[in-house]
Each structure stands twice: as C-alpha cells, then as structure tokens.
Amino acid sequence: MAVKSVSIRIEEAMLKKIGYVADYEGRSINSHILCLIRDDIKAFEKEHGAISGDIDAAENVKPPRK
C-alpha cells in the first residue's frame, strides 16, 4: 500500500488542541489524525456499506442526501 502525504490548513488553536489530545493518548498528531480518519471511515461503512475497489476521483463526490 502506498503512503501519500496530504497538507491541511488548520487554525492554530485547533492544532494546539489536537496536539494536546494526541499527547494525552500517547500519539503524535499525525498518528492521532490517522486514528480519527480510520474511525470515521469505519462509521461511514457501518452506515452505508463497505467501500471497495479503486475509487475514481470523478466518482469520489458527496452523494445526494437521502
């Protein structure tokens, strides 16, 4: 599995707070953010079903609300 980098813009106060939470959990900020992303994907798949196969960027858009 390839590892990719992503840059985000984040308010300084939010960065300090996520850093505090990450430190409390014994993680780096990067590691903590990856845990949050994994949890979000799990919750999404639990509600909407598994995401499988290659995801085409053209298809990777927000679906209409139910």
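Since this is a predicted model, take the numbers as computed values, not measurements.
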Flag side-chain contact, heavy atom, 4.5 Å: Ile29 against Asp23: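 The answer is no, as the side chains (C-beta and beyond) never meet within the 4.5 Å cut-off.
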Any heavy-atom pair between the side chains of Arg38 and Leu34 that's under 4.5 Å?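 They are in side-chain contact.
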Spell out, yes or no, whether Ile33 and Tyr24 are grouped together once hydrophobic residues are joined by side-chain heavy atoms under 4.5 Å, including indirect joins.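 No; tracing contacts between hydrophobic side chains, which count when under 4.5 Å, never links both residues.
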Joint hydrophobic cluster, Leu36 plus Leu15, side-chain heavy atoms closer than 4.5 Å: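 Same cluster: Leu36 reaches Leu15 through Ile, Leu, Val, Met, Phe, Trp or Tyr contacts under 4.5 Å.
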Once you round to the nearest 0.5 Å, how far does SG of Cys35 lie from CG of Asp40?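 One finds 13.0 Å between SG of Cys35 and CG of Asp40.
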About how many Å separate NZ of Lys16 and CD of Glu11, when rounded to the nearest 0.5 Å?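 Nearest 0.5 Å value for the CD-NZ distance: 12.5 Å.
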side-chain contact (heavy atoms from CB on, under 4.5 Å), that's the test. Do Ile41 and Ile37 meet it? Break it down for me. CA-CA 6 Å; Ile41 291 169; Ile37 292 169; 3.9 Å; yes
Any donor-acceptor pair under 3.5 Å linking the side chain of Glu25 with the backbone of His32?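 No: the side chain of Glu25 does not pair with the backbone of His32.
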Tell me the closest heavy-atom pair linking Ser28 and Ala22, and the distance in Å.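 Smallest interatomic distance, heavy atoms only, reads O-CB, 3.6 Å.
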